[in-house]
Amino acid sequence: FSYLKKKILNQQISSKGVINLAHRQSKWTPLMQMSANLSDITSIRSFFEFRTLDPEGAVFYGDTKEGQDWFVLSLRDGIPEMQIGKADILVSVKGGRKLNDGAWHLLELRNEGKFVVLEVNNKVELVVGLHSKLVEDDLTGKIRLALGGMLVDKQKLFHPFEPEIDACIRGGHWLNLSTTWDTDSTWEPRPCFSEIKKGSYFPGTGVAMFNTSDLPGLKTEEAGITVEIFGSWTGTMLSLQSTGFEYILAVLDGNKDVKEVQLGLKEGSESVALPREPETLTFTILKHSLVVNSVTELEKESLDFFSMWKKGMLLTFGGVPGDSEKAKSTHDLRGCLEKILVQGQVIDLDRALYKHTAVSSHSCPTEAMNELT
């Protein structure tokens with residue numbers, strides 16, 4: 001994507017402020033990082049408040065010896081997981097209470113000799129011990145800290161995970177450092193919602209794109225392929241694109257009772273409006289037709305949608321991708337999608353081929369519902 005810019009670390013962010021980990025442009029590169037001389041470290045202890053509804057992702061990372069010895073705290077199934085690499089040893093330990101409940105939790109990480117301790121709300125939840133006879137502790141050189149990613153190759157992980165996380169951090173104290181965080185010069189800080197609920201939030205800017213070949217496929221020709229969407233929204237819900245074919249499904253701005261279906265085909269285009277069922281939408285792909293809420297909107301014997309889906313079409317939630325005139329004239333989605341199902345399976349926007357930094361994968365502001373109702 002041409003609009004993704006090269007990353008340059010030169011923007012400085014307060015280490016104690018509120019930080020939204022969700023809005024970044026690179027999968028594994030940390031949102032921000034800092035470094036210090038080990039000789040300046042007097043306390044191997046960091047603590048911060050943390051809030052998320054996301055079940056998986058990278059939270060906090062640290063290393064020494066330019067990444068030879070490293071540590072990462074992440075979530076898996078909402079539960080804290082610590083992985084440590086040191087010399088010939090890799091350790092992965094998961095345990096404690098689930099943290100993806102949308103509440104603020106106080107997390108503390110500290111080093112006690114050969115043990116790393118995680119406390120949640122002043123209660124010890126996880127202790128990891130590690131000892132290698134091949135190396136001795138070296139208190140020279142640099143220590144590096146990072147949020148929302150890793151500074152070593154993901155291949156070093158003992159238990160791989162997906163790093164993207166929709167989460168917020170505030171009130172951080174990082175070792176005994178007063179250093180600011182360094183981050184991408186193109187990064188735009190985004191606020192954390194005061195109160196959150198489960199869902200994926202589209203603020204009226206940005207899309208999430210999937211290749212259909214990466215999504216669940218056909219089970220039976222009779223049932224077809226279904227995309228079910230639950231929530232409150234206005235604007236373009238989704239678009240489906242392939243060579244010589246484009247389909248756009250939208251709720252008209254200013255009229256929440258009407259849904260507009262725009263069909264753009266190689267030989268022309270047409271549009272049709274039909275009643276919208278509140279809070280839900282079912283989009284079904286059959287072999288030669290497309291159906292919206294049980295109403296057939298397009299029949300095309302010359303197109304095999306099952307084959308197109310398997311080979312790979314671009315399924316975009318939230319708008320029309322690209323810089324075309326049609327994309328520019330389309331109103332991007334605004335609202336909270338409580339759940340997206342493809343063939344009955346929940347779709348995680350963190351797994352998208354591309355997701356705009358303004359789109360929140362796992363949280364919606366509670367006040368947004370009042371604005372749409």
So, S361 versus D166: side-chain donor-acceptor pair below 3.5 Å or not?
no
What about V207 and L314, same hydrophobic cluster or not, with Ile/Leu/Val/Met/Phe/Trp/Tyr joined at side-chain heavy-atom distances under 4.5 Å?
yes
Hydrophobic cluster identity match, V291 and L298, side-chain contacts under 4.5 Å:
no
In this structure, would W233 and L341 fall into the same cluster of hydrophobic residues linked by side-chain contacts under 4.5 Å?
no
Taking the six-membered ring for Trp, are F48 and W174 parallel (under 30°), tilted (30 to 60°) or perpendicular (over 60°)?
parallel
Should the ring pair W70 and Y61 be called parallel, tilted or perpendicular, given that the plane angle runs from 0 to 90° and is split at 30 and 60?
parallel
Between F60 and F50, is the ring pair (Phe, Tyr, Trp, His ring centres under 6.0 Å) condition met? List the steps.
CA-CA 11 Å; F60 181 51; F50 175 78; over 10 Å; no
Rounding to 0.5 Å, atoms CG (L240) and CH2 (W309) come to a distance of 7.0 Å
Any heavy-atom pair between the side chains of W104 and C168 that's under 4.5 Å?
yes
With a 4.5 Å cut-off on side-chain heavy atoms, are R76 and H159 touching?
yes
Give me the atom names and distance for the closest heavy-atom approach of G149 to A58.
N-CB, 3.8 Å
Contact between N111 and F71 at the side-chain level, heavy atoms closer than 4.5 Å - yes or no?
no
Count the heavy atoms of every other residue, nucleotide or ligand shown that sit under 6.0 Å from NZ of K310, and state whether that count exceeds 12.
no
Between D350 and E164 the two heavy atoms that sit nearest each other are O-OE2, 3.3 Å
Residue pair M209 / P321: nearest heavy atoms and the distance that separates them
SD-CB, 3.8 Å
Are V72 and L90 co-members of a hydrophobic cluster defined by side-chain heavy atoms under 4.5 Å apart?
yes
Assess whether side-chain contact (heavy atoms from CB on, under 4.5 Å) is satisfied between I225 and F283, documenting all intermediate values.
CA-CA 8 Å; I225 298 166; F283 176 57; over 6 Å; no
Does the ring centre of F161 sit less than 6.0 Å away from the ring centre of W28?
yes
Using the rule that Ile, Leu, Val, Met, Phe, Trp and Tyr join whenever any side-chain heavy atoms are under 4.5 Å apart, tell me whether L215 and M237 fall into a single cluster.
yes
Separation between OG1 (T183) and CD (Q33), nearest 0.5 Å, reads 8.5 Å
On a heavy-atom basis, the closest approach of G96 and I79 is O-CG2, 3.7 Å
Could you pull out all residues at least two apart from E108 that satisfy side chain to side chain donor-acceptor pair (under 3.5 Å)?
R45, R110
If only side-chain N and O atoms count, and only distance matters, is there a donor-acceptor pair under 3.5 Å linking S39 with N37?
no
Return the NZ to OG1 distance between K142 and T64, rounded to the nearest 0.5 Å.
13.5 Å
What verdict does the salt bridge (Lys or Arg N to Asp or Glu O under 4.0 Å) test give for E228 and K339, after you've listed the backbone C-alpha separation in whole Å, the side-chain angles of each residue and the deciding distance to 0.1 Å?
CA-CA 8 Å; E228 299 170 272; K339 185 165 54 176; over 6 Å; no
Indicate the atoms forming the closest heavy-atom contact of M32 with I19, along with that distance.
SD-CD1, 3.6 Å
Can you confirm whether P163 sits close enough to K27 that some side-chain heavy atom of one is under 4.5 Å from a side-chain heavy atom of the other?
yes
So do the side chains of R51 and C192 get within less than 4.5 Å of each other, counting heavy atoms only?
yes
Going by the salt bridge (Lys or Arg N to Asp or Glu O under 4.0 Å) test, name the single residue among R97, K94, K98 that passes it with D77.
K94
Do F202 and D332 have side chains that approach each other closer than 4.5 Å (heavy atoms only, starting at C-beta)?
no
To the nearest 0.5 Å, atom CG of N122 lies from atom CZ of F47 at 10.5 Å
Aromatic centroids of F305 and Y247 separated by under 6.0 Å:
no
Looking at D214 and R351, is there a salt bridge between them, counting it only when a charged N and a carboxylate O are closer than 4.0 Å?
no
Would you compute the distance between atom CG of L303 and atom CD of E299 and round it to the nearest 0.5 angstrom?
12.0 Å
Can you tell me how far the CD1 atom of I84 sits from the CZ atom of F158, to the nearest 0.5 Å?
12.5 Å
So do L107 and L109 actually touch side chain to side chain, heavy atoms under 4.5 Å?
no
Contact check, side chains of D54 and L75, non-hydrogen atoms, under 4.5 Å:
no
Would you name the heavy atoms of H362 and D348 that are closest together and state the gap between them?
NE2-OD1, 2.9 Å
